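Keep in mind it's a predicted model, so treat the numbers as computed, not measured. Just so you know, these numbers use all the heavy atoms, side chains as well, and skip hydrogens, waters and symmetry mates. Throughout, residue positions are numbered sequentially from 1 according to the sequence presented.
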Amino acid sequence: STSPPRHTMKAHILQHVPFEGPGHIGDWLAARGADIGSTRFWEAPVLPDPAAVDVLVVMGGPMSVNDEAEFPWLVAEKRFIAEVVALGRPVLGICLGAQLIASAHGARVYRNADKEIGWFEVAASGAEPDAADTASRFPFPARTTVLHWHGETFDLPAGARLLASSPACRHQAFQLGGRTIGLQFHLEMTASSLRAIVDNCRGELVPGRWIQDEATILGHADGHFAATHALMDGLLDWLVRA
């Protein structure tokens with residue numbers, strides 16, 4: 001007997017600036033033979049039918065979710081994100097993307113006490129002892145060093161579970177329902193994508209308690225990519241699990 005044709009995963013990437021692309025997420029999607037669509041907001045803010053999206057990835061960017069007057073497409077983008085989440089499709093938000101998920105679900109996004117830029121550790125928040133919750137919660141590693149590049153933070157949306165925190169920023173990763181995860185940090189960075197964000201946002205690398213200099217950020221990268229890419233793969237595998 002012939003097996004039924006395998007459904008091709010339709011992924012859609014919301015990208016806000018040319019220099020913050022999917023990075024390693026693109027490798028994961030390609031390895032699964034995904035059909036990859038994208039909205040490049042700086043070119044044309046055209047969004048697909050939410051029901052046609054199997055996996056949604058919302059990338060970062062230097063703007064704020066609160067900049068709706070300057071970037072009017074943010075209004076439609078938040079509505080679209082909320083629709084895809086409501087359909088129960090896997091959704092991953094990174095940095096600005098995580099803030100957009102929070103904002104799309106009524107949570108406040110605002111300036112953090114400190115900017116956090118560079119390779120700093122995040123720690124898993126204590127999972128609730130309820131076994132049912134543990135089974136439906138992404139198993140974030142106890143401690144891991146990740147790349148940060150953010151100045152804002154957010155309140156958790158109603159019903160969201162905190163997955164990870166850092167000393168500089170409490171809300172580092174959260175899960176909403178069983179298929180949506182927001183990460184304030186960047187697991188997707190590759191050598192070329194890290195170079196692109198450094199080249200385009202170098203002006204933010206001013207001395208600060210939680211800001212590393214360019215040489216440190218670039219110099220430490222190769223020692224962390226294997227672990228961050230493995231965590232990114234595991235997280236994406238978990239989001240699209242059967």
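- A salt bridge links D237 to R32: one of the charged nitrogens lies within less than 4.0 Å of a carboxylate oxygen.
- With sequence neighbours left out, the salt bridge (Lys or Arg N to Asp or Glu O under 4.0 Å) criterion links R209 to no other residue.
- For K78, the side-chain hydrogen bond (donor to acceptor under 3.5 Å, both in side chains) criterion is met by E68, S103, not counting sequence neighbours.
- For the pairing with L92, the side chain to side chain contact (heavy atoms under 4.5 Å, CB included) check across L235, L187, V58 returns one residue only, L235.
- Between V206 and K115 there is no side-chain heavy-atom pair separated by less than 4.5 Å.
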Q: Give the intermediate values and the outcome of side chain to side chain donor-acceptor pair (under 3.5 Å) for residues D155 and Y110.
A: CA-CA 9 Å; D155 293 336; Y110 49 95; 2.9 Å; yes

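- Here H105 pairs with nothing under the ring-ring contact (aromatic ring centres under 6.0 Å, His included) rule; sequence neighbours left out.
- Residues satisfying the side-chain contact (heavy atoms from CB on, under 4.5 Å) test with C95, not counting sequence neighbours, are H150, Q184, H186.
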Q.
Working note: I211 + E204, criterion side-chain contact (heavy atoms from CB on, under 4.5 Å); need CA distance, chi angles, decisive distance, verdict.
A. CA-CA 9 Å; I211 300 178; E204 293 186 72; over 6 Å; no

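- Under the ring-ring contact (aromatic ring centres under 6.0 Å, His included) criterion, H220 pairs with no residue, sequence neighbours left out.
- In this structure, D67 has no salt bridge (Lys or Arg N to Asp or Glu O under 4.0 Å) partners at least two apart in sequence or on a different chain.
- Listed by chain and number, the residues in a side-chain contact (heavy atoms from CB on, under 4.5 Å) with D199 are R195, R202 (sequence neighbours excluded).
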Q | side-chain contact (heavy atoms from CB on, under 4.5 Å) between T180 and V84, intermediate numbers included | A | CA-CA 10 Å; T180 298; V84 178; over 6 Å; no

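- Cluster membership check: W149 shares its hydrophobic cluster with L218, using side-chain heavy-atom separations under 4.5 Å among Ile, Leu, Val, Met, Phe, Trp and Tyr.
- With sequence neighbours left out, the ring-ring contact (aromatic ring centres under 6.0 Å, His included) criterion links F174 to F154.
- Every residue meeting the side-chain contact (heavy atoms from CB on, under 4.5 Å) condition with P48, not counting sequence neighbours, appears here in chain and number order: H12, T39, V53, F80.
- Here the side chains of I117 and I217 are in contact, with some heavy-atom distance below 4.5 Å.
- Ion pairing between a basic and an acidic side chain is recognised when a charged N comes within 4.0 Å of a carboxylate O; D54 and K10 show no such pairing.
- In this structure P45 satisfies the side-chain contact (heavy atoms from CB on, under 4.5 Å) test together with F41, W73, sequence neighbours excluded.
- By the salt bridge (Lys or Arg N to Asp or Glu O under 4.0 Å) test, R40 is found to be paired with E43, residues two or more places apart in sequence or in another chain being considered.
- Across E77 and L14, no two heavy atoms sit closer than the pair OE2-CD1, 3.6 Å.
- Proximity of H224 to L147: side-chain heavy atoms (C-beta onward) are nowhere separated by under 4.5 Å.
- By the 4.5 Å heavy-atom criterion applied to side chains, H148 and V122 are counted as neighbours.
- Through chains of ILVMFWY side-chain contacts below 4.5 Å, F120 is grouped with W210.
- If you chain together hydrophobic residues whose side chains sit under 4.5 Å apart, L87 and I81 never meet in one group.
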